[in-house]
S.K.: 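Here's a structure for you.
Throughout, residue positions are numbered sequentially from 1 according to the sequence presented. All heavy atoms count here, side chains included; hydrogens, waters and symmetry mates do not. First listed ligand is number 1; within each ligand, the first listed atom is number 1.
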Amino acid sequence: MSTITPTPRPLLLKKPVKLACVQLASGADKAANLAHAAAKVAEAAAGGAKIVVLPECFNSPYGCEFFPSYAEPLLPSPPPAESSPSFHALAAMARDNGVYLIGGSIPEVAESNGRDKKYYNTSLTFGPSGALLSTHRKVHLFDIDIPGRIRFRESEVLSAGSAVTTVELGEYGRVGVAICYDIRFPELAMIAARRDGCFALVYPGAFNTTTGPLHWRLQGQARAMDNQIYVALCSPARDTTAGYHAWGHSLIVDPMAQVLVEADENETIVSAELDGARIEEARSGIPLRDQRRFDVYPDVSQ
Ligand SMILES: O=C(O)CCC(=O)C(=O)O
């Protein structure tokens, strides 16, 4: 009797890698936030992380009133580094530590015709040489109103990005990058996972003390479960003296949707070893990839 041996599939994550989420405590002083981020990225790298993630709006307090005054254009050299301090600080953090750095997000200002200013919530990813690898402008702006609890309208100040972002991290493979509220839209995750073959979805985010306990972990696990890949969520630490109380609880979820590590609300670094074999194991055990019914519903990843 002949047995059929399945052809081994190439691993999406080509070699195991340690990923760290830096749950950073930021304040009002941008230069101090950048210096503090640099120290924590160095600490994560010294702990063996080769992919390091920072939180949403790590260089400023989080809130619509702060976006314009903290925003900076994205100007690589030669223009003076002072005009894009966060861009240059992130490039240096990646280069100095030889890591892939998914640099949380920063408020970005872009001018068209030297007149019309537009603001974005933007995530920059740098490679170990300090080169910019990708830019993600938050696609889904955080506009919610839960009476008596929280009202937030990013769209009053920010413009939305219009692209799914995935980025090749050299010898490891590809990750999807999106920001906070973007996680609530599974389509982005599915496209990153299925169209671009990502091994992880990385979300710098800053949920709050209303929606955080309800949905933060659940969203992380849901995106991992749907797509059978790793998911990392990186929050700022909670500052109860600030206007916006971030949930914290940065976490990393495996391809079977198990939470590998989760912070509390304080400043800390959480990390985990990611292994492509775990993705393949999840996918061969529960073979969703071979069972989709695109004769019944459309494939959004096409
Ligand atoms: O989706 C949520 O509940 C929070 C989203 C958020 O805080 C953000 O997009 O910055």
S.K.: So which residues get pulled into Met225's cluster when ILVMFWY side chains under 4.5 Å apart are joined, directly or through others?
M.R.: none
S.K.: Does Glu168 pair with Arg174 as a salt bridge, N-O distance under 4.0 Å?
M.R.: yes
S.K.: With a 3.5 Å distance limit and no angle check, can you tell me whether Glu154 reaches the backbone of Cys64 through a side-chain donor-acceptor pair?
M.R.: no
S.K.: Is it true that a side-chain atom of His249 and a backbone atom of Ala263 form a donor plus acceptor pair closer than 3.5 Å?
M.R.: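 Side chain of His249 to backbone of Ala263, a donor-acceptor pair under 3.5 Å: yes, one is there.
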S.K.: Pairwise, report which nitrogen or oxygen atoms of ligand 1 are under 3.5 angstrom from protein nitrogen or oxygen atoms, and how far apart they are.
M.R.:
unit_1	atom_1	unit_2	atom_2	d
ligand 1	1 (O)	Arg184	NE	2.6
ligand 1	1 (O)	Arg184	NH2	3.4
ligand 1	3 (O)	Arg184	NH2	2.8
ligand 1	3 (O)	Thr211	OG1	2.6
ligand 1	7 (O)	Ala206	O	2.8
ligand 1	7 (O)	Tyr244	OH	3.0
ligand 1	9 (O)	Lys138	NZ	2.7
ligand 1	9 (O)	Tyr181	N	3.0
ligand 1	10 (O)	Glu56	OE1	2.9
ligand 1	10 (O)	Glu56	OE2	3.3
ligand 1	10 (O)	Tyr62	OH	2.5
ligand 1	10 (O)	Lys138	NZ	3.1

S.K.: Between Arg289 and Glu280, is there a salt bridge with N-O shorter than 4.0 Å?
M.R.: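 Salt bridge flag = yes for Arg289 with Glu280.
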S.K.: Taking the side chain from Arg278 and the backbone from Pro255, do they hold a donor-acceptor pair closer than 3.5 Å?
M.R.: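 Here the side-chain-to-backbone pair does not exist.
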